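Throughout, residue positions are numbered sequentially from 1 according to the sequence presented. All ligand and atom numbering here is 1-based and tracks the order in the structure. All heavy atoms count here, side chains included; hydrogens, waters and symmetry mates do not. Note that the structure is a prediction, hence the values are computed from the model and not measured.
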Amino acid sequence: MDLHVSLVGRRDLAGEIYRQLRSAILEGRLRGGQRLPPSRDMALRLAVSRTTVAVAYDRLISEGFATSRIGSGTFVSRHVTTPGARRRGHGTALRPRAVWTPVSAPQREWEKVAFDFRTGIPDARLFPYEAWRGLMARQLRPLAVGTGSYGDPAGHPGLRDAIARHVGTARGVHADPDDVVVTNGTQQGVDLVARVLLGPGDRVAVEDPGYPLPRRLFAAMGLRIAGIPVDSEGLVVEAIPGDVKLVYVTPSHQFPLGISMTLRRRLALLAWAGRHNAAILEDDYDSEFRFGGRPIEPIQMLDTSDRVIYVGSFSKTLLPTLRLGFVVVPPSIRDAVHTAKLLTDWHTPWPEQAALAAFIDTGLFARHVRRMRTVYLARHDLIARTLKRSFAPSLRLVPSSIGLHLSAIAAKASPAEIAEIVRRASASGVECQPLAMFAVSDSPRAGIVLGYGAIDTARIDEGLDRLRRCFGD
Ligand SMILES: Cc1ncc(COP(=O)(O)O)c(C=O)c1O
């Protein structure tokens, strides 16, 4: 039996051996009836005297945790533990609050999928590894690392500057470098903003259907959720309840439907927020990949009253595992967001931030985005063509010319029938997502969401062919 007892830095050695063995017995790591190591072996292993071990064993025996049988050794008492009863994973002493019921991560990249149409995954095979490695290596030299002290919670100054320029030129977002806070992805941006602006019981509006993770986070914070329908113009502004304090939206490319919110609606949302003194959290997660049509102005750009917080991510343009994103915040909440970031995790890893600053400054980022846009455009067009040609009349494509996924609404099939089709597709190696999984209300729309970040262009035809056969019509 290889029983771990640690005496590093301890004084009362016999007491320590006693306490650690007692814990092992109570937690079920030592089972009733199990023999403790002979005191001589234990003493040798721990480099203590045999008497020290004997004192510990005697105490366990006198308190009933162990029994001694002359000539055969010391044994864990049978009545103290029931096998496995208190082992890790079985205890019930601590219970999470109900709001933390498990949510499965939307992507499980580690699984190998033959035809991967899941959303939210960029093509990791085409990431510029060599360039990124070089930039990271440079950040891990003494001169770059500096004194080893902490960085600014708001982020690396060079990166905040690069992001302000990037969103300013690419998206027309009004951003001074001081307005930018570097975060660990969109999700942390949402978290920080919600912490700063909202308290338990406050109401937030989310799109229905919508991106589930912010919604789950809001619910976990004790916020009340209002699911707002989305029509062909985007979020239905008139349906937002009057007591909502924050509206989370994806106007450039509604997730998951793919609709771009019309200018009329974006202005109506701003006017609504003004009337109700509410905040707008604008998630512009994949707008770098626009394949045509007029780019729509971010709501942040149209805002003149500083009530829009713009959230961006490098999860689609680079890799989701880098956990790099940002928020552009109005000056009135800037200090509070910096404080929230500091108190949450101090700051986003510095070498990655510095590497990304250099990646943007040297033009590598723009080049990578251009290259990926061409790749994704080919996949987008191929899927859109095939859906129109081979899936009609079962599925109706939602027009969209941006991002990493397409949605299609079922003409006749119910959500339950679509779920069955998705299950059959999965059995034949095709992973895609039913629209219903993004629903907030109990009456979801029936449809399918097809991502093309992960799937090789050459595999799309075969993947869609297999999917079509699952429709059985
Ligand atoms: C709507 C939306 N926003 C943001 C993200 C990216 O989140 P993060 O930056 O936390 O990786 C995703 C990823 O799937 C998304 O679908």
Side-chain angles (χ1 to χ4, degrees), residues 103-109 116-124 127 155 159 163 166-167 171 180-194 204-218 220 227-228 230 234-235 247-261 280-289 296 298-300 309-328 341 344-345 348-349 352-353 356 372 376 398 400 402-407 431-433 435 437-440 449-454:
V103 54
S104 55
Q107 289 93 38
R108 287 174 296 167
E109 270 107 323
D116 195 347
F117 290 103
R118 288 173 300 177
T119 55
I121 316 174
D123 199 329
F127 180 75
L159 180 57
I163 289 172
H166 164 62
V167 293
R171 299 291 294 124
V180 176
V181 180
V182 180
T183 61
N184 301 333
T186 304
Q187 194 63 16
Q188 189 182 40
V190 173
D191 181 40
L192 296 176
V193 170
V204 284
V206 297
E207 297 160 317
D208 183 10
Y211 182 42
L213 293 194
R215 181 168 80 240
R216 280 297 308 262
L217 179 64
F218 294 143
I228 312 298
V230 176
L235 187 86
V247 183
Y248 166 76
V249 264
T250 52
S252 304
H253 186 223
Q254 203 277 329
F255 189 91
L257 289 173
I259 291 155
S260 292
M261 196 176 192
I280 298 171
L281 188 50
E282 175 174 30
D283 179 358
D284 206 19
Y285 63 106
D286 67 0
S287 62
E288 286 87 353
F289 301 118
I296 77 155
I299 300 179
Q300 196 266 7
I309 299 107
Y310 179 90
V311 195
S313 175
F314 292 97
S315 292
K316 316 288 166 174
T317 45
L318 299 175
L319 292 173
T321 45
L322 292 177
R323 304 311 301 135
L324 286 167
F326 59 93
V327 278
V328 177
K341 175 69 177 163
T344 304
D345 66 358
T348 293
E352 281 84 343
Q353 291 194 60
L356 179 54
M372 296 312 294
Y376 295 143
V398 178
S400 162
I402 184 169
L404 295 181
H405 72 271
L406 280 162
S407 282
E431 286 300 332
C432 60
Q433 291 156 319
L435 199 50
M437 75 179 271
F438 303 105
V440 181
V449 187
L450 292 167
Y452 41 81

Where do G210 and P256 come nearest, in terms of heavy atoms and distance?
N-CD, 3.9 Å
V230 and E207 have their tightest heavy-atom pair at CG2-CB, 3.9 Å
Could you establish whether K316 and ligand 1 come within less than 4.0 Å of each other, counting only heavy atoms on the residue side?
yes
Return a yes/no value for Q187: is any of its N or O atoms, backbone included, closer than 3.5 angstrom to an N or O of ligand 1?
yes
Proximity of R323 to ligand 1 by residue part, where a heavy atom lies under 4.0 Å
side chain
Have a look at ligand 1 and work out which part of S315, if any, has a heavy atom under 4.0 Å from it: side chain, backbone, both or neither.
side chain
Whether F255 and H405 hold their rings parallel, tilted or perpendicular, with breakpoints at 30° and 60°
perpendicular
Identify which of V190, T250, D283, D284 has a heavy atom lying nearest to atom 4 (C) of ligand 1.
D283
Closest to atom 15 (C) of ligand 1 by heavy-atom distance, out of F438, F314, Y211, is Y211
Using distance alone, with no hydrogens and no angle criterion, decide if T119 and Q433 have a side-chain donor and acceptor under 3.5 Å apart.
yes
Identify, by atom number and element, the atoms of ligand 1 in contact range of [X], meaning under 4.0 Å from any of its heavy atoms.
X: T186; value: 4 (C), 6 (C), 7 (O), 8 (P), 9 (O), 10 (O)
X: G120; value: 14 (O)
X: G185; value: 9 (O), 10 (O)

Mind running side chain to side chain contact (heavy atoms under 4.5 Å, CB included) on Y310 and D284 for me, showing each step along the way?
CA-CA 7 Å; Y310 179 90; D284 206 19; 2.4 Å; yes
Rounded to the nearest 0.5 Å, how far apart are CG of D286 and OG of S315?
11.0 Å
Going through the checks in order, is the side chain to side chain donor-acceptor pair (under 3.5 Å) test met by D345 and Q188?
CA-CA 10 Å; D345 66 358; Q188 189 182 40; 3.0 Å; yes
